[in-house]
Amino acid sequence: YGLRALVPLIRRGEMGVEYDHSTTIGIDLSSVLHSLGIDSESNRRSRVLDTFQSPWVETSRCEVEPRFFVPDSFCNIPNVLQSGPQPPTFNSVQQDHAKVALFQDEALFYLFYKHPGTVIQELTYLELRKRNWRYHKTLKVWLTKDPLMEPIVAQDGASERGSYVFFDPQRWEKCQRDFVLFYSAIM
Amino acid sequence: TKAEKTALVFTEWVKLIQRLDGDDETVLEFIRQMIEKGVLQDSNGFICFMKSALELSVNSFKESDPTSEVFIAIDSLSKLLIKLICLLDFKQSSREEFLSLMFSVVTLVFSEDQGRNDTSFNERPYFRLFSSLLCDWEALRGHKFVKIKDPACRKELVNFDESFYNIFASFLHVYQPIAFPGFAFAWITLLSHRMFLPRMLRLPNKAGWSKLLLLFTDLLNFMAHYTKRTETHDAVTVVYKGALRVILAVSNDVPEFLVENHYELLNNIPPIYMQLRNIILSSAPTKVVIPDPYDPNIELHDIEACQVPAAIFYDPVQDLKGLKKPVDNYLRIPSSSLMRTILSGLFRTELELDTGIGYETTNVDVKLINAITLHVGIEAALEKDRTSANAIFNTKSSYFTLFKGLITEGSTELKFHVIQAIANQLRYPNAHTLWFNYVIKNLFYSDEFEEQQHDVQEIIIRTVLERIITNKPHCWGIVVTFVDILKSDSSSLADLSFIKDVPEIELIIKNL
Amino acid sequence: KMPPDMVSQLESSLLNCPDSLDADTPKLYQAPLSLPHPTSIFFPNEP
């Protein structure tokens with residue numbers, strides 16, 4: 001019950017006694033706290049349990065949908081998307097396709113990035129192309145020509161240099177960039 | 001057969017609910033017909049339906065292509081059950097009875113499945129059922145069940161909400177890892193589920209805390225049972241890592257739960273899990289400001305928070321067994337006969353295995369010692385408010401002499417566990433920490449232990465030091481106490497023989 | 001000591017441990033526009 005009992009904790013294997021240090025004196029918790037989204041420096045306490053994915057990092061493979069509430073006033077809104085006094089219904093791709101054309105660019109970008117692998121992602125892709133946006137396969141961003149400047153096509157006709165407007169999904173805004181565009185890189 | 005007929009009805013439901021939104025009139029009509037046409041007309045009908053629907057759903061999970069939507073049937077069953085809680089007529093029986101009946105059928109199917117399949121039992125479909133029930137209930141209960149148009153039904157559901165979670169917790173208690181090891185990892189994941197744990201922590205008036213505390217003690221109990229000093233099974237170590245993350249998250253979101261239940265939680269943690277113990281004891285209420293414990297000018301009596309007793313949810317008095325009277329009588333009128341009564345009540349009738357640091361068995365009732373210690377601390381803080389500080393900050397007071405007596409008369413083992421119990425109360429700034437800081441320092445400097453003094457001092461240093469050599473977090477009260485002892489000029493620690501005898505410790509003390 | 005059959009049950013539980021996908025919110029009825037669709041492999045596949 002005295003101090004000698006602590007020696008194997010300080011130096012492994014002392015006195016012929018072996019403890020699992022990771023569970024006795026423990027570990028540096030900063031990486032565990034980070035994996036939980038807990039910022040141990042700041043006093044701001046975020047609520048991590050509301051979006052807790054799993055007790056183990058290895059099984060926390062994806063975000064989980066937190067508790068949320070959609071007020072009625074957010075649903076069944078009449079007189080939008082040319083729906084007249086009835087709220088718009090989205091229950092057939094043919095009819096809905098027409099409605100997609102009524103969305104602003106940002107709404108299309110949102111639907112494209114938020115709902116991967118779904119019908120709406122395909123429809124927004126088609127609509128954005130109609131509006132002369134092109135999707136860059138490697139950069140994974142949408143871009144369109146800067147209307148004020150004609151790009152210069154390269155000798156080999158495989159690319160062009162010019163000024164383009166990109167939509168940046170991280171900052172959620174359009175930004176202008178000079179860029180060399182390879183035609184094979186867009187779709 | 002009847003089971004096949006009900007399976008057909010359930011299959012129809014699964015197809016329907018994938019094509020229509022749950023609130024669609026057709027869906028409600030389907031349920032109404034299930035009730036009117038006798039599928040769910042009474043408990044037996046419901047049990048038969050529930051059993052065959054669940055078995056069908058579990059089998060469909062087992063037979064589905066793992067890359068497909070393996071949980072469609074399970075999710076459909078969950079949605080149906082939540083709808084029934086809303087739509088059934090609960091004049092004859094209550095929603096509580098219905099939910100308990102439902103979970104009982106799940107338990108029947110679950111335990112049959114686990115018994116039949118043993119190690120090829122798959123916990124995932126049952127996990128998914130519980131998880132989806134939590135999600136579907138959460139979707140319904142938003143803004144006090146505002147989606148329920150019928151005011152009477154809405155009011156009933158608002159009142160039922162608390163029971164939903166507590167009944168859910170009761171059945172989770174049935175599935176605890178010691179009872180169903182084949183469900184252990186699903187169980188821990190359910191305990192920490194984002195639609196369950198935050199809810200149980202935040203139900204009004206801590207209505208979920210009792211059941212939640214029971215679940216956490218189930219988890220710690222399982223770990224305590226199967227944690228050995230060296231050959232702990234890997235799976236148990238994985239359980240430990242999960243428990244650590246969950247308790248860290250609780251400590252971040254609702255530390256009050258750990259603060260007010262620290263006594264009961266510690267009764268179930270294996271003593272070698274020192275960091276986990278520190279995490280629980282380092283928790284502090286969100287609103288308490290923690291001064292820098294290393295500040296050399298810190299004066300505990302000047303800290304306002306040290307005048308406020310710590311809130312306690314699980315009252316240790318319920319664990320005092322037959323010693324409540326002798327202890328309370330001793331506090332009122334101390335006597336050596338009462339001390340003898342208390343001492344003799346602390347020894348176990350049989351040896352107990354324990355995974356401690358430096359010991360593997362206990363002859364004393366550690367839980368009872370913890371209960372007495374905290375109880376005396378609570379009473380001391382009350383006494384201070386009732387009479388005066390001098391009534392308890394006084395080495396002649398019965399509150400202090402009770403500990404001194406236990407340590408003087410007790411075996412080394414008893415000394416150790418009493419001092420450990422006191423150290424467990426050196427937490428964030430509160431009146432108990434303040435008083436136990438006083439107790440442990442006066443025990444350390446007391447010259448009334450004669451030849452036992454060095455033993456007592458060594459145990460105190462060991463108890464405090466083991467909580468400091470552990471990785472963070474460190475308990476504020478422990479650090480403050482240790483700085484006090486280190487800083488004191490009356491006896492430089494490094495000269496004490498029991499420290500000089502152990503070079504590693506001497507080095508640490510010198511550095512500190 | 002943990003009995004052997006308990007060890008194997010615990011290990012099978014660890015093998016089948018549910019992950020965050022298992023714990024995600026059930027999505028039964030999906031409006032036609034949100035139904036799965038084979039979009040280009042170059043498109044982002046995580047929200």
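In what follows, every heavy atom counts, from backbone to side chain, and hydrogens, waters and symmetry copies are set aside. Letters go in sequence order (proteins before strands), and every chain restarts at 1.
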Under 6.0 Å from the [atom1] atom of [X], do we count more than 12 heavy atoms belonging to anything else shown?
{"X": "Lys241(B)", "atom1": "NZ", "value": "no"}
{"X": "Leu351(B)", "atom1": "CG", "value": "yes"}
{"X": "Glu69(B)", "atom1": "CD", "value": "no"}

Contact check, side chains of [X] and [Y], non-hydrogen atoms, under 4.5 Å:
{"X": "His233(B)", "Y": "Glu11(C)", "value": "yes"}
{"X": "Phe185(B)", "Y": "Leu15(C)", "value": "no"}
{"X": "Pro26(C)", "Y": "Arg128(B)", "value": "yes"}

Check each atom of [X] against the heavy atoms of chain C and say whether the ones under 4.5 Å are side chain, backbone, both or neither.
{"X": "Phe121(B)", "result": "backbone"}
{"X": "Asp24(B)", "result": "neither"}
{"X": "Phe183(B)", "result": "backbone"}
{"X": "Phe222(B)", "result": "side chain"}
{"X": "Leu20(B)", "result": "backbone"}

Pick one of side chain, backbone, both or neither for Leu35(C), based on which atoms fall under 4.5 Å of a heavy atom in chain B.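 Neither part.
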
Interatomic spacing from CG in Leu10(C) to OG1 in Thr119(B) - rounded to 0.5 Å: 12.5 Å

Rounded distance [0.5 Å steps], OG1 in Thr232(B) versus CE in Met2(C):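 Between Thr232(B) OG1 and Met2(C) CE, I get 9.0 Å after rounding to 0.5 Å.
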
Could you pull out the closest heavy-atom pair between [X] and [Y], with the gap in Å?
{"X": "Ser13(C)", "Y": "Ala186(B)", "answer": "OG-N, 4.3 Å"}
{"X": "Cys17(C)", "Y": "Thr189(B)", "answer": "SG-OG1, 4.4 Å"}
{"X": "Arg124(B)", "Y": "Asn16(C)", "answer": "CG-O, 3.2 Å"}
{"X": "Pro181(B)", "Y": "Met6(C)", "answer": "CG-CG, 3.6 Å"}

Top contributor to chain C interface from Val238(B), Asn122(B), Leu353(B), Leu190(B) [non-hydrogen pairs under 4.5 Å]: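 Heavy-atom pairs under 4.5 Å are most numerous for Asn122(B).
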
Between the side chains of Arg194(B) and Thr25(C), does any donor sit under 3.5 Å from an acceptor? yes

Verdict with reasoning, Ser76(B) to Leu28(C), per side-chain contact (heavy atoms from CB on, under 4.5 Å): CA-CA 7 Å; Ser76(B) 307; Leu28(C) 277 165; 3.5 Å; yes

Identify which of Asp19(C), Asp24(C), Asp5(C) forms the greatest number of heavy-atom pairs closer than 4.5 Å to chain B.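 Looking at each option in turn, the highest pair count goes to Asp24(C).
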
